[in-house]
Amino acid sequence: MISVRVENLVKRFPGGLALDHVNVSIKPGELFFILGPSGCGKTTMLRTLAGFYIPDSGRILFDDEDVARLEPHKRNTGMVFQSYALWPHKTVAENVAFGLEQQKVKKDEIRRRVREALESVRMEAFADRKPNELSGGQQQRVALARALVIRPRCLLLDEPLSNLDAKLRHEMRREIRRICKEHKLTTIYVTHDQEEALSIADYMVILSWGRVQQIGSPLQVYKRPANRFVANFIGETNFLEGEVLRTGAGEALVKTGIGEFRGALADYDAEFKEGQKVYLSIRPECWHLDITGPEENCVIGEIRDSTYFGEVAHYDFRVGDTALKISELNPRHMGSARHGKLHAWADPEDVVVLAE
Ligand code: ATP
C-alpha cells in the first residue's frame with residue numbers, strides 16, 4: 001500500500017491546459033475516483049500517473065518517491081483499460097502470465113501467481129479459454145487479474161466498466177471494490193459515471209477544465225457540493241438565486257423569488273455579507289409534499305406534470321413561474337388535478353447555500 005500525492009500538476013496540450021495545477025492526496029489503500037465531464041482531464045491525469053505523459057510541471061509522489069519523470073514500466077502500476085486490451089490469440093492464463101514472463105519470473109512461480117490472480121477475480125475455471133470465448137464481464141475480470149498479478153504499487157483503472165451492460169456494471173462495481181480492498185491496493189479509478197463513483201468510492205475528485213472543483217467522500221460531495229458545477233454534475237438539483245438576509249454558525253437565511261429559505265453553508269467557514277448574491281441548491285428528493293406544511297422553508301404550488309417510474313415519481317412543480325424538480329419515493333401525488341395546491345418544503349440541512 002502506498003500513498004499517492006499529486007502536487008501542482010500541470011499538463012499542457014497544443015489546445016490548452018488539460019491539467020491546471022492539480023493537487024490531490026490519496027491515502028494508502030484508498031479507492032479514489034477521478035470524475036468529471038468529457039474532456040475535463042480525467043484520462044490525462046491517469047495517464048500522467050501511469051507515466052504515459054510527462055507533466056509540464058508538478059510532482060507525483062508514490063510515498064516519498066517523485067515518479068513524475070520516471071518511465072512507465074519503472075513505476076510498477078497496474079493498469080486496466082476500457083477496452084480490456086487482452087491478446088486474442090493467448091489463453092486467459094497466458095494473458096495473465098505475460099507481465100510476469102516479461103519480468104523473467106520463474107515458471108513455477110508464474111503458474112502459482114497466475115492461479116492466485118485468477119482465483120481472486122473468480123476466473124480460475126476459465127484459465128484455458130481464449131478471450132473471444134468469454135463474456136464482457138469475464139474479460140474485464142481477466143484484465144483485472146493481469147493488472148493484479150504483477151503486484152503493482154497502485155492500480156489505475158480507466159473507465160473499466162463502460163463496455164458492460166447495466167446489470168453487469170452493478171455487479172462488477174462491488175467486485176472491483178472487494179478486489180482492491182482484499183489486495184489492500186491504492187486504486188485510482190476514472191469514470192464519467194457519477195453513480196459508479198458514489199456507490200463504491202472512498203474519496204473522489206471532481207474536475208472541470210483541468211481544475212479541481214472539489215475533493216471529498218461521496219456523502220460530502222453529494223450533500224455539500226462546493227459550487228454549482230459540482231451540484232449540477234453529481235445528481236440532479238434545483239438552483240434558486242437569492243440574497244443573504246442573515247447568517248449564523250454554518251448557515252444563512254436567504255431571500256429568493258419564491259420565499260425565504262434557511263440553509264446550510266456549503267463551506268461551513270465561509271463568510272457571507274448581508275445582501276450578497278448566493279445560490280441555493282435543493283435536490284429533488286429533499287422536498288416534502290403535502291396539503292399542509294411547516295412555516296419554514298415552505299412554498300405553495302402545484303404539480304404541472306408527473307412521470308411515474310414505479311418506486312419513484314418525478315414532478316414538475318410550479319410555484320408561480322418558478323419550476324422545481326421534485327421526486328417522491330413511494331409516490332402519493334400522481335394525478336396532479338386531484339391535489340390542487342400543495343405545500344412543498346425542505347429541511348434547512350438539505351438546502352445548500354453556494355457562493356458561486
Ligand atoms: P473523456 O471522458 O471524454 O475521456 P477526459 O476527461 O478523459 O474525457 P482527457 O482525455 O484527459 O479528458 O482530455 C482533456 C483535454 O485534453 C481535452 O480537451 C482533450 O481534447 C485534450 N487532449 C487529451 N489528449 C490529448 C493529446 N494527446 N493531444 C492533444 N490534446 C489532448
Side-chain angles (χ1 to χ4, degrees), residues 2-26 30-63 65-87 95 98-99 102 139-140 142-163 176 180 185-194 196-197 200-213 215 233:
I2 56 158
S3 64
V4 175
R5 232 170 52 241
V6 167
E7 290 179 355
N8 270 318
L9 203 64
V10 174
K11 178 67 192 168
R12 188 184 298 277
F13 289 121
L17 278 182
L19 297 175
D20 188 356
H21 298 87
V22 170
N23 287 287
V24 160
S25 190
I26 304 167
E30 208 163 79
L31 178 49
F32 187 88
F33 273 65
I34 305 174
L35 201 64
S38 184
C40 72
K42 303 182 293 292
T43 304
T44 304
M45 184 160 160
L46 199 75
R47 293 179 72 85
T48 310
L49 288 167
F52 302 133
Y53 292 146
I54 300 297
D56 293 275
S57 59
R59 302 205 300 166
I60 299 171
L61 296 164
F62 284 4
D63 282 338
E65 182 191 359
D66 186 357
V67 298
R69 274 144 203 93
L70 201 65
E71 292 162 61
H73 64 275
K74 292 188 180 152
R75 295 192 189 191
N76 194 18
T77 59
M79 183 116 181
V80 177
F81 300 91
Q82 189 174 342
S83 59
Y84 319 135
L86 301 175
W87 282 284
N95 263 285
F98 184 79
Q102 296 294 98
Q139 289 181 45
Q140 189 54 267
V142 177
L144 266 170
R146 194 179 53 181
L148 294 171
V149 80
I150 60 164
R151 298 191 181 139
R153 285 203 283 182
C154 68
L155 191 60
L156 307 174
L157 307 174
D158 190 3
E159 305 249 9
L161 305 182
S162 58
N163 286 336
I176 288 183
C180 296
L185 262 173
T186 309
T187 302
I188 302 164
Y189 189 130
V190 161
T191 185
H192 64 267
D193 182 340
Q194 35 137 333
E196 209 160 284
I200 61 167
D202 291 317
Y203 276 90
M204 55 174 101
V205 60
I206 320 288
L207 294 178
S208 167
W209 299 106
R211 293 208 191 119
V212 172
Q213 300 297 312
I215 298 174
F233 180 71

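Since the model is a prediction, treat every value here as computed from it, not as a measurement.
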Chemist: Nearest 0.5 Å, please: how far is CG in L185 from CD1 in I176?
Modeler: 12.0 Å
Chemist: What I'd like to find out is whether the side chain of V80 reaches to under 4.5 Å of the side chain of R146, using heavy atoms alone.
Modeler: no
Chemist: Could you tell me the separation between the CD1 atom of I34 and the CE atom of M45, rounded to the nearest 0.5 Å?
Modeler: 4.0 Å
Chemist: Could you list the donor-acceptor pairs under 3.5 angstrom formed between side-chain atoms of residues 147-162 and any protein atom two or more places apart in sequence or on another chain?
Modeler:
{"unit_1": "R153", "atom_1": "NE", "unit_2": "R75", "atom_2": "O", "d": "3.3"}
{"unit_1": "R153", "atom_1": "NH1", "unit_2": "E65", "atom_2": "OE1", "d": "3.0"}
{"unit_1": "R153", "atom_1": "NH2", "unit_2": "E65", "atom_2": "OE1", "d": "3.4"}
{"unit_1": "R153", "atom_1": "NH2", "unit_2": "R75", "atom_2": "O", "d": "3.4"}
{"unit_1": "E159", "atom_1": "OE1", "unit_2": "H192", "atom_2": "ND1", "d": "3.1"}
{"unit_1": "E159", "atom_1": "OE2", "unit_2": "H192", "atom_2": "ND1", "d": "3.0"}
{"unit_1": "S162", "atom_1": "OG", "unit_2": "Q82", "atom_2": "NE2", "d": "3.2"}
{"unit_1": "S162", "atom_1": "OG", "unit_2": "E159", "atom_2": "O", "d": "3.2"}

Chemist: Got T44 and F13 here, is their nearest side-chain heavy-atom distance under 4.5 Å?
Modeler: yes
Chemist: Test side chain to side chain contact (heavy atoms under 4.5 Å, CB included) on L61 and D66; report intermediate values, then the result.
Modeler: CA-CA 4 Å; L61 296 164; D66 186 357; 3.8 Å; yes
Chemist: Quick one: does F62's side chain get under 4.5 Å of T186's, heavy atoms only?
Modeler: no
Chemist: With side chain to side chain contact (heavy atoms under 4.5 Å, CB included) as the criterion, how do F32 and V24 come out once you've worked through the C-alpha distance, each side chain's angles and the decisive distance to 0.1 Å?
Modeler: CA-CA 10 Å; F32 187 88; V24 160; 3.5 Å; yes
Chemist: A side-chain contact here means heavy atoms from C-beta on lying under 4.5 Å apart; do T77 and L49 qualify?
Modeler: no
Chemist: Do side-chain atoms of D63 reach the backbone of I2 as a donor and acceptor pair under 3.5 angstrom?
Modeler: no
Chemist: Would you say the ring centroid of F33 lies under 6.0 angstrom from that of Y189?
Modeler: yes
Chemist: Decide yes or no on side chain to side chain contact (heavy atoms under 4.5 Å, CB included) for M79 and F52, but give the supporting numbers first.
Modeler: CA-CA 11 Å; M79 183 116 181; F52 302 133; 3.9 Å; yes
Chemist: Do N23 and N8 come within less than 4.5 Å of each other through their side chains, counting heavy atoms only?
Modeler: yes
Chemist: Main chain of G36, side chain of K42: is a donor-acceptor contact present, judged purely on distance under 3.5 Å?
Modeler: yes
Chemist: Out of curiosity, Y203 OH to I188 CD1, how far, rounded to the nearest 0.5 Å?
Modeler: 15.5 Å
Chemist: About how many Å separate CG of L19 and SG of C40, when rounded to the nearest 0.5 Å?
Modeler: 9.0 Å
Chemist: How many angstroms lie between atom CG of D202 and atom CD1 of I26, to the nearest 0.5 angstrom?
Modeler: 11.0 Å
Chemist: Of the non-hydrogen atoms in V142 and N95, which two are nearest, and what is the gap between them?
Modeler: CG1-CB, 4.5 Å
Chemist: Write out all pairs satisfying salt bridge (Lys or Arg N to Asp or Glu O under 4.0 Å) with one or both partners inside residues 10-26, taking only residues at least two apart or from two chains.
Modeler: D20-R211
Chemist: Please report the shortest heavy-atom distance between A68 and G58, naming the atom on each side.
Modeler: CB-O, 4.1 Å
Chemist: Does any part of the side chain of P55, heavy atoms only, come nearer than 4.5 Å to the side chain of R69, both counted from C-beta?
Modeler: yes
